[in-house]
> 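Here you go, one structure.
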Amino acid sequence: DVRQIRERLESLGIPVNWERVEAINRFRNDIEHYYTQLSGDATRALLSNSFLVIRDFLSQHLATDPKEFLGDNAWNILLSVSEVYEKEKQECVAIIESVTFTSGSLSDALTSYECPNCNSTLISIRDPKEEPEANEFYCRSCNTSWDFEIIAEAALEDYFAYDNYLSYKEGGEVATICCPECSRNTYIVHEHCCAVCGESAEHECQMCGSNIPPEEIDGSGYCGWCQH
């Protein structure tokens, strides 16, 4: 089963995108029982993910040409579905990039964010002409929707997850902190502002003049030492 396959591949040190594989496996279990809640777009997203997993595994770990291994018919079907998905993805990226955000990183975070419901990255916005704060973001594949604050926080958490992990493991500054103004984990340290509310806190202590460590930025303008 999938669990045993995962254990075997991990023991061999072979990297696989298991989130994609698990989403594909859930869908397989559903259609095995003749039922799925996923829309046509969500199904195409899963097939596109299947294409990527199969292609990468065959070419990178088995040194095999995927097209020769699968045959022209299967390869062309997977390729056509993937191309449709990629076209929709380009449209979503263009819409997100047309919106003006307070943070430069937020646009990148949103275009790479995977819907937690169907694992699609087809994230878009209802009305690109409206301000993001008053808009609704949604997944084109399954139509799950979010308010701006909710998806911004989730997308940034995923986008900076590795950077924050490294900072905790090896030391150094974290990429994001809790915003002193809106209390969301959307304050981007290197940008000196919150991606949601746009507020900027003091990064230099008003008393001693030293840089305030990210974990001590609370809007007061003082480092932890001077506050005591």
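For reference, positions follow the sequence shown, starting with 1. Everything quoted here is computed from the prediction, not taken from an experiment.
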> Answer yes or no: is there a donor N or O on one side and an acceptor on the other, between the side chain of E216 and the main chain of C223, under 3.5 Å?
no

> May I have the list of side-chain donor-acceptor pairs in residues 203-214 shorter than 3.5 Å, sequence neighbours left out?
residue : atom : partner : partner atom : Å
H203    : NE2  : Y187    : OH           : 2.8
Q206    : NE2  : E202    : OE1          : 3.2
Q206    : NE2  : E204    : O            : 2.9

> Is a side-chain N or O of N164 found less than 3.5 angstrom from the main chain of V174, in a donor-acceptor match?
no

> What I'd like to find out is whether the side chain of I95 reaches to under 4.5 Å of the side chain of R126, using heavy atoms alone.
no

> Determine whether a donor-acceptor pair (N or O, by modelled atom type, separation under 3.5 Å) exists between the side chain of S107 and the backbone of G104.
no

> Just so I know, are the side chains of I14 and F57 near enough to count as touching, which here means a heavy-atom distance under 4.5 Å?
yes

> Could you check whether any side-chain N or O of K67 sits under 3.5 Å from a backbone N or O of W75, counting only pairs where one atom can act as donor and the other as acceptor?
no

> Would you call E91 and K87 a salt bridge, taking side-chain N to carboxylate O under 4.0 Å as the test?
no

> Does a side-chain heavy-atom distance below 4.5 Å link C194 with E181?
no

> Quick one: does F101's side chain get under 4.5 Å of L110's, heavy atoms only?
yes

> Taking side chain as C-beta onward, heavy atoms only, is T102 less than 4.5 Å from C193?
yes

> Examine distances only and state if a side-chain atom of T176 and a backbone atom of N185 form a donor-acceptor pair shorter than 3.5 Å.
no

> Check the angle between the aromatic planes of Y113 and W146 and answer parallel, tilted or perpendicular using the 30° and 60° thresholds.
perpendicular

